[in-house]
Amino acid sequence: MLRGVWFLVVLAAPVLAAADEPAKPVDATRAFEAAYAASFYEFDACGDGLSGRNYRRALSEKVAQCPFPADVKQRFVQRAAAQRRKSATAMAKLIEDNGGLPVRLEGMARTCREQSETPEYQAIRARLDAFSAGKISVDGVVPAACDASEISP
């Protein structure tokens, strides 16, 4: 999907800082945290905040369903809250620096509009809309296993 170097690094740095370390029980949600952080770039920074919020809600619900210990789930909730605060600051700076949301994010091959018109993006958007309307379950949005090493929309 969308991938940009600078914005993703800013957003996901706390999550990905220890990516080379072996997984520990408290890091069981690392892939969910990375997907959560990347969603701000993939959706919100291109003006699709509704899809971003729906995707993050789906990620949070999936974590809640996974057989993680309660303290690991709580840590995810705390990290997600910290990520929202950090992303809000980064988004405000992005808007301030560009006089609004940019047409093309750094590192993107397409403009935001071109990206939103791709069949892949439209399929993701349809799943998120169906999830938001209660027509599909969280697994229809986040089909990855709880121990997945990478999660993408």
Which residues pass the salt bridge (charged side-chain N to carboxylate O under 4.0 Å, His left out) test with Arg84, sequence neighbours left out?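 Checked Arg84 against salt bridge (charged side-chain N to carboxylate O under 4.0 Å, His left out); zero matches.
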Test side-chain contact (heavy atoms from CB on, under 4.5 Å) applied to [X] - qualifying residues, sequence neighbours left out:
X      : result
Ala82  : Arg85
Glu114 : Arg110, Thr111
Ser149 : none

Heavy-atom side-chain proximity of Tyr36 to Phe76 below 4.5 angstrom: yes
Within a strict 4.5 Å, meaning less than it, do heavy atoms of the Phe40 and Lys86 side chains meet?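 Not touching, per the 4.5 Å side-chain cut-off.
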Checking side-chain contact (heavy atoms from CB on, under 4.5 Å) against Glu42, which of Pro153, Ser51, Ser152 comes through?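 With Glu42 as partner, Pro153, Ser51, Ser152 yield a single side-chain contact (heavy atoms from CB on, under 4.5 Å), made by Pro153.
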Using the disulfide bond (SG atoms under 2.5 Å apart) rule, collect all pairs that involve residues 101-153, keeping only residues at least two apart or in two chains.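 Matches after skipping sequence neighbours: Cys46-Cys112, Cys66-Cys146.
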Disulfide bond (SG atoms under 2.5 Å apart) pairs, two or more places apart, involving residues 78-110: none
From [atom1] ([X]) to [atom2] ([Y]), nearest 0.5 Å:
X      : Y     : atom1 : atom2 : result
Ile151 : Arg30 : CD1   : CZ    : 12.5 Å
Asp44  : Arg56 : CG    : CZ    : 4.0 Å
Ile124 : Asn54 : CD1   : CG    : 13.0 Å
Met91  : Thr89 : CE    : OG1   : 11.5 Å
Asp97  : Ile95 : CG    : CD1   : 10.5 Å

Shortest non-hydrogen contact from Ala58 toward Val138: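 Heavy atoms of Ala58 and Val138 come nearest at O-CG2, 3.0 Å.
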Of all residues at least two apart in sequence or in a different chain, which pass the ring-ring contact (aromatic ring centres under 6.0 Å, His included) check with Tyr55? Phe43
Can you list the residues that meet the side-chain hydrogen bond (donor to acceptor under 3.5 Å, both in side chains) rule with Gln74, with sequence neighbours excluded? none
Do any pairs count as a side-chain hydrogen bond (donor to acceptor under 3.5 Å, both in side chains) and have a residue in residues 57-70, sequence neighbours left out, and if so which ones? Arg57-Glu61, Lys62-Asp139
Which atom pairs, donor and acceptor, lie under 3.5 Å between side-chain atoms of residues 126-136 and protein residues at least two apart or in another chain?
unit_1: Arg127; atom_1: NE; unit_2: Gly140; atom_2: O; d: 3.3
unit_1: Asp129; atom_1: OD1; unit_2: Arg125; atom_2: NE; d: 3.3

